[in-house]
Amino acid sequence: MSSSRSVVTNRKLGVVQKWSHTLIPTTREAPKDAEVPSHVMLHRAGYIRPVGAGIYDYLPLAWRVLQKIQDIVREELNAAGASELLMPALEPFELFKDTKRDETYGDNLFRVKDRKGRMNALAPTHEEVITDLMIGCINSYKQLPLNLYQIQTKFRDEARPRAGLLRCREFIMKDAYSFHTTVEGAGGLNTTYDAMYRAYTNIFTRCGLDFSAVEAESGPIGGSASHEFMVNCVSGEDTILKCPVSGYAANVEKCEVGPRPAPSKGYFAGEPTGTLEEHHTPGLPGIDDVAAFMKVKPENMLKTIVFKVDSTPEDLAKYGEEWIVAVVRGDHDVNEGKVRDASGCKVKLADIKEAEAKGFAIGFVSPRAVVGKKGVLMLVDRDAAVGFDDKKGKSMFWVTGGDKKDYHVKHFNWQRDLGKDPMDAASHLSDKGFPTGSLRGDDKYLMVADIRNALPGDPSPRAANTALVAGRGIEVGHIFKLGTKYSQAMGLIVADETQQKHPVIMGCYGIGVSRTMAACVEMSHDADGIVWPAPLAPYHVLITMVDIKNEAQQTLAVKLSKELSEQGVDVLLDDRDERPGPKFKDADLIGIPVRITLGEKAMATGGVEFKLRKSKDKGEVVAIDAVVAKAIAAING
RNA sequence: CGGGGUGUAGCGCAGCUUGGUAGCGCGUUUCGUUCGGGACGAAAAGGUCGCAGGUUCAAAUCCUGUCACCCCGACCA
């Protein structure tokens, strides 16, 4: 055994674990509060146990899976040029005050008071800590670029922890931070970002996951500055849209809608379909309720959402309070990020009381509400900015709010009922052919833009005549171009060749390690239990002795375990004094990829039974001296 | 934070309406018979009914408060 004790070795031995010597508390039933498959399976198979809301023990099997994920993460990040370090989970609260994240993170930040009465935070992420570290270590461009990462427990006081390991208050995360003097060129942020994108692709591919890399809500630098890595599975809580031709994929929060032809008669143009009728619509909370009551389809309604501009103190002094009113079709959803981008203003959903004081009858607002109000820009989604239905070849029929409580109107017409002609107000066309307006202009109070969430069936933004298709996913990784947000706020400044001082440009890159384990189970399980991809399985091979008292089986179990582990295979040996039934049930539950069963019948013919967890058949008998090679081939295959 | 729900043995549940000495299944322990997909028989251990008040001769059960957990929504670098 001397070789295995060598300090320097190129061998990696597998482990052999006897089931009776470890803790695998399988259960027939899951706790009633476990609903999602990963939660049920990880509990029943003895991987996790709840400690509190959103807090779990990782039992030996789970910890082995987590370590395998971490090993892959380390190898790929090290190969991508990153260095591992470890920062504390506990940090002084002042660090969060510098970047105002004590406010922006809000109640999600765990706060801990120490014996001296000083406030500390349990870190939800480490931008502040690492920026503070770098301030003390880095002062020249010659020391950059750098890419540093850690794998560590993170804390977030989630409003509602749920779905087992998928949304926890304490979880394991890999977080990386890169530091640069430039965005472009050698050593720039983009180079590292691309390297991390490749590293993430390698990591999730090596984990055996079916995943998509999708564009996510952009960072402060703009462009495609953020990508999410999503495990594809129907139970995912995020909706993603993909273009089947170009490979473009994006989170629904971000997804662009491809070019659509402008209305044939022009935006807003169309004859009234009838006189504007007022209808009393009491006690109808949603668009669908109103639509049903008015006997129209939601797509014939206009939904009007009031945002308030999050003004800087300077703008507030100069322009006063400013508002953005977004109009979309009733069956569409307003996308706040697109409203922000189209208007060029940071916005937030208006406070109901404040908006009502301004004269917006929240819940019953129509486009008419903006007319005559100062400091209001109306953004109209292109699908709502029409008056003529080109498909039907006749003028559109709109139902919208009555601008007073419990009233809606029918036969709203853009040109007639706004009080001003919108075609005139929005007479300037953007380079995309949209009418444009501006918040601080005089009479151009409205503009047309893409401000709604994309939907399946919408045209792809990257391929002609192609429709977007929907999928669902679980976010397991996120890479992000941070820019100078933290370096500027905290003063991480370096001098360049000409002694000019610049804030350092940063990127950050996260992987939810514990969530990846759960997402993998969501993606890969059946009615009987977990089906691990070999790279993440806690053990590669499960050897089951049908009768532990049978000496031939004992001898063979030891022999096969030794041969497999010497080849680097991790072996779990079911040596429990149980009847075969429960052993097979447990084998399926815990999901080890290869099961080798030592039983009298097969051994009488010089063989053992060999079965893959993922296959539905009953397995086959394999000659004893061929089984090691066959197992390794199956694991590597 | 809004809406809904649940706390009774390790797990899953019944009992509560109509107050009267706490039960079932699984699991656990022992013995026997079994032994290839969650065996059978016998015996046994295990619960201050989430917690605190109150009503009552008497509270798992009725009342008040409180805590915990879960689900839907809001939220989610």
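Letters go in sequence order (proteins before strands), and every chain restarts at 1.
Considering only the side chain of A:P31, B:rG12 comes nearest among B:rC76, B:rG36, B:rG12. For A:R167, counting side-chain heavy atoms from C-beta on, the closest listed nucleotide (B:rC75, B:rG36, B:rC76) is B:rC76. Checking B:rG27, B:rC75, B:rG36 against the side-chain heavy atoms of A:R162 singles out B:rC75 as nearest. Checked against B:rG12, B:rG36, B:rG73, the side chain of A:E609 finds its nearest nucleotide in B:rG36. Picking from B:rC75, B:rC71, B:rG36 the nucleotide with the shortest atom distance to the side chain of A:T597 gives B:rG36. Distance from the side chain of A:K585 is smallest to B:rG38 among B:rG36, B:rG12, B:rG38. Here B:rC11 is the nucleotide among B:rG36, B:rC35, B:rC11 with the atom lying nearest to any side-chain atom of A:E29. Here the nucleotide nearest the side chain of A:A159, chosen from B:rC69, B:rG38, B:rC75, is B:rC75. If you check B:rC35, B:rC71, B:rG38 against the side chain of A:D586, the one that comes closest is B:rG38.
Using a 4.0 Å cut-off between a side-chain N of Lys or Arg and a carboxylate O of Asp or Glu, A:R74 and A:E84 qualify as a salt bridge. In this structure, A:K18 does not pair ionically with A:D574, as no charged nitrogen and carboxylate oxygen lie closer than 4.0 Å. A:E76 has no carboxylate O lying under 4.0 Å from a charged side-chain N of A:K174, or vice versa, which leaves the two without a salt bridge. Contact check on A:D617 versus A:K611 returns no salt bridge, with no Lys/Arg side-chain nitrogen under 4.0 Å from an Asp/Glu carboxylate oxygen. The existence of a salt bridge linking A:R44 and A:E29 is excluded, since no basic side-chain nitrogen approaches an acidic carboxylate oxygen closer than 4.0 Å. Under a 4.0 Å N-O distance rule, the pair A:D577/A:K549 qualifies as a salt bridge. A salt bridge is defined here as a Lys NZ or Arg NE, NH1 or NH2 lying under 4.0 Å from an Asp or Glu carboxylate O, and A:D586 with A:R576 meets this definition.
Remark: B:rU66 base-pairs with B:rG50. Criterion, Watson-Crick or G-U wobble with two distances under 3.5 Å. Pair assignment for B:rG27 gives none, since no Watson-Crick or G-U wobble pairing has each distance under 3.5 Å. Across all strands shown, B:rG20 forms a Watson-Crick or G-U wobble pair with B:rC57, both key distances being under 3.5 Å. Under the Watson-Crick or G-U wobble criterion, with both distances below 3.5 Å, B:rA39 is paired with B:rU33.
When the P atom is compared between B:rA22 and B:rC16, the two are found 15 Å apart, to the nearest whole Å. If you take atom C1' in B:rA45 and the same atom in B:rC31, they sit 15 Å apart, rounded to whole Å. The same atom, P, is picked in B:rG5 and in B:rG10; the two are 27 Å apart, to the nearest Å. For B:rU17 and B:rC76, the P atoms lie 45 Å apart once the distance is rounded to whole Å. Going from the C1' atom of B:rC72 to that of B:rU30 covers 48 Å, rounded to whole Å. Taking atom P on both B:rG19 and B:rC62, the two are 9 Å apart, rounded to the nearest angstrom. Atom C1' of B:rU56 sits at a distance of 36 Å from the matching atom of B:rG3, rounded to the whole Å. The same atom, C1', is picked in B:rU64 and in B:rG27; the two are 38 Å apart, to the nearest Å.
Checking the phosphate oxygens (OP1, OP2) of B:rC72, a side-chain nitrogen or oxygen of A:R160 falls inside 4.0 Å.
Residue contacts for A:E127: at a heavy-atom cut-off of 4.0 Å it reaches no nucleic acid atom on any strand shown. A:L589 comes within 4.0 angstrom of a base, heavy atoms only. Residue A:A34 is out of contact with every strand shown, counting any heavy-atom pair closer than 4.0 Å. Note on A:R44: a base of the nucleic acid sits closer than 4.0 angstrom, heavy atoms only. Contact annotation for A:R595: base contact, defined as any heavy-atom pair under 4.0 Å involving a base atom. Backbone-only engagement by A:A163 is indicated by non-hydrogen atom pairs under 4.0 Å involving sugar-phosphate atoms exclusively. Nucleic acid contact for A:M545: none, since no nucleic acid atom lies under 4.0 Å from a heavy atom of the residue. Among the protein residues, A:K32 comes within range of the sugar-phosphate backbone only, with heavy atoms under 4.0 Å from sugar or phosphate atoms but none that close to a base.
Remark: A:E600 CD is loosely packed, at most 12 non-hydrogen atoms of other residues, nucleotides or ligands lying under 6.0 Å away.
The 5' end of RNA chain B is approached more closely, in terms of each residue's nearest nucleotide, by A:R169 than by the other of A:I511 and A:R169. Residue A:H43 is the one, among A:P582 and A:H43, whose nearest nucleotide of RNA chain B lies closer to the 5' end (criterion: closest heavy atom).
Note: CD (A:E158) to C1' (B:rG73) measures 15 Å, nearest angstrom. Per the geometry, CD belonging to A:E578 stands 14 Å off C1' belonging to B:rG36, to the nearest Å. Regarding A:N550, its CG atom lies at a distance of 13 Å from the P atom of B:rG36, rounded to whole Å. Taking atom CD of residue A:E35 and atom P of nucleotide B:rG5, one finds them 16 Å apart after rounding to whole Å. Going from atom CG of A:N108 over to atom P of B:rC76 covers 8 Å, rounded to whole Å. For the pair A:M603 CE and B:rG36 P, the interatomic distance rounds to 16 Å; values are reported in whole Å. Going from atom NZ of A:K583 over to atom P of B:rA39 covers 13 Å, rounded to whole Å. A:F171 has its CZ atom 15 Å from the P atom of B:rC76, to the nearest Å.
Judged by the 6.0 Å distance and 45° axis criteria, A:K481 is positioned over the aromatic ring of A:Y193.
Under 3.5 Å, the side chain of A:R28 and the base of B:rG10 form no donor-acceptor pair of N or O atoms.
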